[in-house]
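First the structure, then my questions, so here it is.
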Amino acid sequence: MKQEVYNIVKKSLEAISRESGRELNETEFEVEMPKRKGFGDFSTNVAMIAASKTGSKPRDIAEKIVSEINDMECKIVEKVEIAGPGFINFFLKDESFVNQLKNIYELADSYGSSDIGGGERVIVEFVSANPTGYLHFGHARNAAVGDSVSRLLSFAGFNVEKEFYVNDAGMQMQMLGKSVFARFKELLGIDSELPEDGYQGEYVIEIAKDIYGSKKDELEKLSDDEAEQLCKDYAYKFLINEIKNDLSNLRVEFDNWYSEKEKIHDQNKLENAQSKLQAASALEKKDGALWFKATQFGDSQDWVLIKSDGSPTYFIADIAYHDDKFERGFKRLINIWGADHHSHFTRLKSSMKAIGYDEESVEVVLIQFVRLVENGKEVAMSKRAGSYITLREVLEEVGPDVTRFFLLMRSSDSHLDFDLNLAKQQSSENPVYYIQYVYARISSILKNAEEDELNPSDKHIDSLSDELELAIIKKLLSFPEAAGSAAESLSPHKICYYLQQLASDFHLYYNKVKIINSEDKDLSSARLYLIICIGIVIKNGLTLLGVDSPKRM
RNA sequence: GCGCCCGUAGCUCAGCUGGAUAGAGCAACGGACUUCUAAUCCGUAGGUCACAGGUUCGACUCCUGUCGGGCGCGCCA
């Protein structure tokens, strides 16, 4: 519809250009849906743009355009007005909206999807937490956003893979092994202390107990180094499994679990990355270490790739990893990172630029911190202290629907207060239930209609003439745009806002009119048809957020 | 010192990549239950968009600076 309005304006511009000899037909203008009702269904700023080009008054140009449009006799246009500084507002005929419902009904689950992506391959990497402990609540926001962004992009026609990068090769893993082994020795009654930077959490003791129960004899025969190694492997398997479980309970499933050790280190990818950087003359030896001259590629400082003791840094592994993503054929590399990693972004981009990739293909969504608030006070979540709030604890208390919605409802680059009290409330204050309730109500009405032998039908949808009905239909018709815009800007929170508005419209409508009215079967059938369409959009929107649409509440 | 994010109603936040009279939810106050599920709806009140300049037809939005809050600036990951 927007396109049709655009074409009408375009045509009138061409006509005016022909008459006056002025080159107005190349004016770039926008057609948008105005915020206010009084400004029509669509609005264009074309007159203002054209005016600044030609030096004449916006309203004069608007008058010409409008009279041109009035001469054209467009089927969908009811009337056209000039308003404010020179906006041209279009009021379309009601039936042109109502008829679009059929489109929603037929497309059903795929309504709102698009082919903006054209099948382009995209990799979304997120969470990627070190498998050295349970996921804490900060990871949950990353997980929810990453997963929802992936859903948005798939819906918009991209070919998306979700990947968890497992940091199983670094110092952290060694430390985990040492920590577990120290706890194991404690169980044997041997006096031992946790390493200085060791992991203090309760789970380390639990894991040690597991090992004590099943592998005590085996372990006692080994040297300390070997025992540490065994502890590490055991703890790793245990924790990665727990992480998978937690994510699964949050309805986050990954396509790939990409092991840094197996896929990078054991495959000589580090050397590969190093030689690519060498070929770009981006390397330098200094103080016994190998440096990447990032300053030559836009960063503010240089970075060490190989330490003076010969061991690789995390950074060179990450360069190799991202090089590998491109090698695997992905055109867009999207990373969901905590805001504390922002400096790493510049570094990574400059390295990709050095190797010869388009740095614009590497995108990062930075996630600001989550504060967990209960009873007006912040709940601490320090990992090292061992007393952090885990994703699991929150999931057990409030469930995946509320957890996900709350984590998604704010823009990623805004700090988020997660109010546990509010999340736990199953009441009107809780926006998740508010939206889900729409779906439940609709399902319930449809069930009742069936019992009354009333069937939804598009035969009489012209009778949908209530102001609210038209408002809802217009809102439904803007869903594809909302989904597209959310995908484009990698912003799931836009879907949250959209759904809250739609839910509000529906509840208002529900309170105002009876959907089922056995006195007027034609109208009822049309209204049933309408609420099915509302249900479709609610469900599609919630699915993009990874939230369920229950039929009963 | 340098870099990134934020500053909008009492609170938590939107504001579609410059548009028309600034938008929700919650909290507050007043109303609507013989209900197609009241987990709902209606009404009232609430604002110098942190501050100061600049860019232009037009700025909450873009640029510069100041103030305030968060985060980062390792041969850690």
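Because the structure is predicted, anything quoted here is derived from the model rather than measured. The figures here come from the full heavy-atom set of this structure, side chains too, leaving out hydrogens, waters and symmetry mates. The sequence lines fix the lettering, A, B, ..., with proteins before strands; numbering per chain opens at 1.
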Check every atom of B:C5, B:C75, B:U37 against the side chain of A:Ala440 and return the nucleotide holding the closest atom. B:U37
Between A:Thr313 and A:Lys307: side-chain donor-acceptor atoms closer than 3.5 Å: no
Starting at atom CE of A:Met409, determine the distance to atom C1' of B:C26, rounded to an integer number of angstrom. 10 Å
What nucleic acid atoms does A:Phe345 come within less than 4.0 Å of, heavy atoms only: base, sugar-phosphate, or nothing?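 Nothing, no heavy atom under 4.0 Å.
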Under 4.0 Å, counting only non-hydrogen atoms across every strand here, what does A:Asp287 touch: a base, just sugar-phosphate, or nothing?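 Touches a base.
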Provide the distance between the two C1' atoms, one in B:C51 and one in B:G7, to the nearest whole Å. 11 Å
If the P atom of B:U56 is compared with that of B:U17, how far apart are they to the nearest Å? 23 Å
Below the 4.0 Å mark, does B:C71 have OP1 or OP2 next to a side-chain nitrogen or oxygen of A:His415?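 Checking A:His415 against B:C71: no side-chain N or O falls below 4.0 Å of OP1 or OP2.
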Residue-phosphate contact under 4.0 Å: A:Tyr434 side-chain N/O, B:C41 OP1/OP2: yes
Just to be sure I understand the rule, does A:Val438 reach a base, reach only the sugar-phosphate, or reach nothing, if contact means heavy atoms closer than 4.0 Å?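 Nothing, no heavy atom under 4.0 Å.
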May I have the step-by-step check of salt bridge (charged side-chain N to carboxylate O under 4.0 Å, His left out) for A:Asp168 and A:Lys261, ending in yes or no? CA-CA 6 Å; A:Asp168 51 5; A:Lys261 183 174 176 300; over 6 Å; no
On the six-membered ring of A:Tyr258, is A:Lys263 placed so that its NZ or CZ lies under 6.0 angstrom from the centre and within 45° of the ring axis? yes
Would you say the ring centroid of A:Trp337 lies under 6.0 angstrom from that of A:His342? no
Within the 4.0 Å heavy-atom criterion, would you say A:His341 contacts the bases, only the backbone, or no part of the nucleic acid?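 Since a base atom lies under 4.0 Å of A:His341, the category is base.
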On the side chain of A:Ser414, is there an atom forming a donor-acceptor pair with the base of B:A14 - under 3.5 Å, no angle test?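 Answer is no: no donor-acceptor pair is held.
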Just call it for A:Ser311: base, sugar-phosphate, or nothing, with non-hydrogen atoms closer than 4.0 Å on any strand.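 Touches nothing.
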Less than 6.0 angstrom from the centroid, inside 45 degrees of the normal: does A:Arg371 satisfy that with respect to the ring of A:Phe418?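 No, A:Arg371 does not sit over the ring of A:Phe418.
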Verify the contact: side-chain N or O of A:Lys494 to OP1 or OP2 of B:A24, cut-off strictly under 4.0 Å; return yes or no.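 Indeed not, no polar side-chain atom of A:Lys494 lies that close.
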Considering every strand shown, what is the Watson-Crick or G-U wobble mate of B:A14 when both distances are under 3.5 Å? none
Select base, sugar-phosphate, or nothing to describe what A:Arg347 touches, counting heavy atoms under 4.0 Å on all strands. base
Distance between C1' atoms of B:U40 and B:G25 (Å, rounded):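 15 Å, rounded to whole Å.
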Six-ring centre of A:Phe315, A:Arg347 cation under 6.0 angstrom, axis tolerance 45°: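 Yes, a cation-pi geometry.
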B:U40 -> Watson-Crick or G-U wobble partner, both distances under 3.5 Å, gives B:A32
By the 4.0 Å heavy-atom rule, please label A:Ser300 as base, sugar-phosphate, or nothing.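 Here A:Ser300 touches no strand at all.
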Where the side chain of A:Gln172 is defined as all heavy atoms beyond and including C-beta, which of B:G15, B:C76, B:U37 is the nearest nucleotide?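 It is B:C76.
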Residue whose nearest RNA chain B nucleotide is more 5′ - A:Asp340 or A:Met48: A:Met48
Complement of B:A20, any strand, by Watson-Crick or G-U distances under 3.5 angstrom: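 Answer to the pairing question: none, since B:A20 forms no Watson-Crick or G-U pair.
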Is there a side-chain contact between A:Lys512 and the phosphate of B:C42, meaning an N or O under 4.0 Å from OP1 or OP2?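 Checking B:C42 against A:Lys512, no side-chain N or O comes under 4.0 Å of OP1 or OP2.
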Atom pair distance, as rounded to whole Å: CD in A:Gln368 and C1' in B:G7: 13 Å
Check the geometry between A:Phe39 and B:A20 and answer yes if their rings are stacked (centres below 5.5 Å, planes below 30°), otherwise no. yes
Side-chain donor or acceptor of A:Thr313 under 3.5 Å from a matching atom on the base of B:C75?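 Per atom types, no contact qualifies.
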Between B:G53 and B:G10 - P atom distance, rounded Å: 24 Å
On RNA chain B, more 5' by nearest nucleotide between A:Asp309 and A:Thr44 is A:Thr44
Near-ring test A:Phe126/A:Phe164, centroid separation under 6.0 angstrom: no
Return the nearest nucleotide to the side chain of A:Glu260; candidates are B:A77, B:G74, B:U12.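 Among B:A77, B:G74, B:U12, the one nearest the side chain of A:Glu260 is B:A77.
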A:Ser444 vs B:U37: side-chain N/O to OP1/OP2 distance below 4.0 Å: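 It does, given that an N or O in the side chain of A:Ser444 lies less than 4.0 Å from OP1 or OP2 of B:U37.
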Could you identify the nucleotide paired to B:G7, looking across every strand shown and requiring Watson-Crick or G-U wobble geometry with both distances under 3.5 Å?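 Its partner is B:C67 (Watson-Crick or G-U wobble, both distances under 3.5 Å).
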Could you measure between the two C1' atoms, the one in B:U61 and the one in B:C16, and give it in whole Å?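 The answer is 11 Å between these two C1' atoms.
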Counterpart base for B:G46, defined by Watson-Crick or G-U wobble contacts under 3.5 Å: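 Paired with B:G46, as far as the under-3.5 Å criterion goes, is no nucleotide at all.
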Enter syn or anti for the glycosidic conformation of B:U17, syn applying to angles within 90° of 0.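 Classified syn.
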Does A:His342 make a side-chain donor-acceptor contact with the base of B:G3, cut-off 3.5 Å?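 Yes, the side chain and the base share a sub-3.5 Å donor-acceptor pair.
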Base, sugar-phosphate, or nothing: which does A:Gln301 touch, judged by heavy atoms less than 4.0 Å apart? sugar-phosphate
Indicate yes or no: does A:Glu81 engage A:Lys79 in a salt bridge with an N to O separation below 4.0 Å.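 Looking at A:Lys79 together with A:Glu81, the answer is yes, because their closest N to O distance falls below 4.0 Å.
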Rounding to an integer number of angstrom, what distance separates B:U8 and B:U48 when you compare their C1' atoms? 12 Å
Using the P atom as the reference point in each nucleotide, state the distance between B:G23 and B:U44 in Å, no decimals.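 The same atom, P, in both gives a distance of 15 Å.
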Side-chain N,O (A:Asn448) to OP1/OP2 (B:U37) below 4.0 Å: yes
C1'-based separation of B:U66 from B:A24 [nearest Å]: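 Nearest-Å result for B:A24 against B:U66 at atom C1': 32 Å.
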Taking any heavy-atom pair under 4.0 Å as a contact, classify A:Leu508: base, sugar-phosphate, or nothing. sugar-phosphate
Can you find an N or O donor on one side and an acceptor on the other, under 3.5 Å apart, linking the side chain of A:Asn89 with the base of B:A20?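 Between B:A20 and A:Asn89, which were checked side chain against base, a qualifying N/O pair under 3.5 Å is present.
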